[in-house]
**Q** 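Quick one: structure below, then a few questions.
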Amino acid sequence: MNLTLHVWRQKNAAAKGGMTRYEAKDVSPDMSFLEMLDVVNEGLIAKGEEPIAFEHDCREGICGSCGFMINGVAHGPQRGTTVCQLHMRHYRDGDVLFLEPWRATAFPVIKDLVVDRRPFDRIIAAGGYISASTGSARDGNTILVPKQAADKAMDAAACIGCGACVAACPNAAAALFTGAKITHLNILPQGAPERYSRARSMVGQMNAEGFGQCTNIGLCEAVCPKEIKLEVINKMNRDYLVGVLA
Amino acid sequence: MSSLAVPAPIDRVFRFYQTTVGKKAIMAVTGVVLFAFILGHLAGNLQVFEGQAKFDNYAIFLRSLPAALWSARIVLLVCVTLHIVTTVQLALLGKSARAVSYVKKDNAAASYASRTMYWSGPIVGAFIVYHLAQFTFLLTGPVMEGHPYDNVVLSFQQWPISVFYIIAMVLLGMHLSHGVWSMFQSLGITSPTRSPFIKSAARLIAIVITLGFLSIPIAVLAGFVTTSGAR
């Protein structure tokens, strides 16, 4: 199949970017989206042009490196799927696709489709850990964890920090990410003692990074490749409010 | 993270207000108060179907309790102000957080009501100003001091007034259908099992409230409620 791509090209963080049109010819339906871009890039390199920069690592949907907007949807149209696991069989010959980087003031563009997501690292550093040693693997079994709590913590821990939630949110809020990280630890007996100070620190850092407000509209939940639920934001709000007001 | 310094209460309030979560909590709590008022106001208004005497007596009764009336008015005014101020501050923050917009953006996964809160809110706000000017301060429309029932009927018999009320109430319903669910989420009192129920209940109650308010101008326009009483 042949596709038309409109891709955001930006030389570096300081440069002014713009959309550039490319034709992707003879795309196999078996390719992943990133493989399709690899082929486009090979063509660009052969012509002596600068290839389209995009972030990727595992290409298995688990590392959280990849991600950009395809026709206004983070990671493209397949729910619960990162862009590396999105396959070209979901597209038809003649489709026109707009590829843009995550847009958030907190995530400045580094080049083309690559953005700086270090604000997420700083949110984790503000409280996304347990201060006391919780022992090694076998010690885990000495602390009883209710099955429900283990399941909820695991669901929240599935967050790969890709940034799609921020990209999808009209306010570029990082509530789903921060909520997932807070829920993941606050729900477990090892993390519960610090739950209020953790919520306060991580919410504070989230705000300091310049992310917007959560308006509970759920666009983040809709694009999350790990299908993290809005309930993690509810947990973040509760632990923050109880910690501050109680 | 594990800092032992305990901030002074005033610092805590200030810091709480500075966060997005704190502002949303204020928006939610003031929303609860305004929602409660809307329920009470609807219950009062629906007495128009019980005839002139009942409706006018209700209005006189409210005015006979100046302390309670003014307490309620002050609470509502404070809530409306906080609701609007936090919204404006957060909306500006959201705009600066997404300073560069997308060439293409698909927001279809969010409900229409949730995406139009910044429209439904200000329009309902403008409506409230008009509504107060008409029925509380008697500045506009076919209204007279001391005749609340006749004021309602004569006003709604003018179709442009009724149409504006109907539009405003539909927008209020949309605002509530997202707002009522959103209050629970902002205050952290939803849960995976309760969430779907709260969302459906919010939509249902928004529809009931809208239909309740709409029934009055529609009944007047249809000639069901007249100055000589309900037929």
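In the text below, chain A, chain B and the rest are named by the order of the sequence lines, each starting its count at 1. What you see is a predicted model, and the numbers here were worked out from it, not measured in a lab.
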**Q** So if I take each residue of residues 199-220 of chain B and look for any heavy atom under 4.5 Å from a heavy atom in chain A, which residues do I end up with?
**A** none
**Q** Counting heavy-atom pairs under 4.5 Å with chain B, which one of N234(A), N207(A), V223(A), T105(A) comes out on top?
**A** N234(A)
**Q** For the residue pair F127(B) and H131(B), categorise the inter-ring angle as parallel (less than 30°), tilted (30 to 60°) or perpendicular (more than 60°).
**A** parallel
**Q** Side-chain contact, heavy-atom cut-off 4.5 Å: L69(B) with R73(B)?
**A** yes
**Q** For the pair Y22(A) and R9(A), evaluate side chain to side chain donor-acceptor pair (under 3.5 Å) and give the outcome as yes or no after the intermediate values.
**A** CA-CA 11 Å; Y22(A) 298 97; R9(A) 300 306 306 267; 2.6 Å; yes
**Q** For F98(A) and H6(A), take the angle between the two ring planes, folded into 0 to 90°, and tell me which bin it lands in: parallel under 30, tilted 30 to 60, perpendicular over 60.
**A** parallel
**Q** With a 4.5 angstrom heavy-atom cut-off, which part of V203(A) approaches chain B: side chain, backbone, both or neither?
**A** side chain
**Q** Which region of I217(A), side chain (C-beta onward) or backbone (N, CA, C, O), has a non-hydrogen atom less than 4.5 Å from a non-hydrogen atom of chain B, or is it both or neither?
**A** both
**Q** When heavy-atom pairs shorter than 4.5 Å are enumerated against chain A, which of R98(B), M117(B), K105(B), K95(B) gives the highest number?
**A** R98(B)
**Q** Is it the case that more than 12 heavy atoms not belonging to M19(A) sit under 6.0 Å from its CE atom?
**A** yes
**Q** Mind telling me whether F120(A) and F211(A) have parallel, tilted or perpendicular rings, with 30° and 60° as the class edges?
**A** tilted
**Q** Could you check which of A208(A), A74(A), P170(A) has the highest count of heavy-atom pairs closer than 4.5 Å to chain B?
**A** P170(A)
**Q** Just by distance, do the side chain of S155(B) and the backbone of V152(B) share a donor-acceptor pair under 3.5 Å?
**A** no
**Q** Can a salt bridge be assigned to the pair R122(A) and E209(A) using a cut-off of 4.0 Å between side-chain N and carboxylate O?
**A** yes
**Q** Among R195(A), R238(A), K152(A), R198(A), find the one that has a side-chain hydrogen bond (donor to acceptor under 3.5 Å, both in side chains) with N186(A).
**A** R198(A)
**Q** Using a 4.5 angstrom heavy-atom cutoff, name the option from A168(A), A173(A), A222(A), G210(A) with the most pairs to chain B.
**A** A168(A)
**Q** Between S96(B), S186(B), A108(B), which residue shows the highest count of heavy-atom pairs closer than 4.5 Å to chain A?
**A** S186(B)
**Q** Looking at V21(B), is its backbone amide N or carbonyl O close enough to the side chain of Q213(A) to form a donor-acceptor pair, meaning the two atoms are under 3.5 Å apart?
**A** no
**Q** Most heavy-atom pairs under 4.5 angstrom with chain B, which of N71(A), N216(A), N171(A)?
**A** N216(A)
**Q** Centres of the W102(A) and H75(A) rings: under 6.0 Å?
**A** yes
**Q** Is it the backbone or the side chain of A167(A) that comes under 4.5 Å from a heavy atom of chain B, or both, or neither?
**A** both
**Q** Among S182(B), A109(B), A99(B), which has the most heavy-atom pairs under 4.5 Å with chain A?
**A** S182(B)
**Q** If you count heavy-atom pairs under 4.5 Å between each of K104(B), R115(B), H178(B) and chain A, which one has the most?
**A** K104(B)
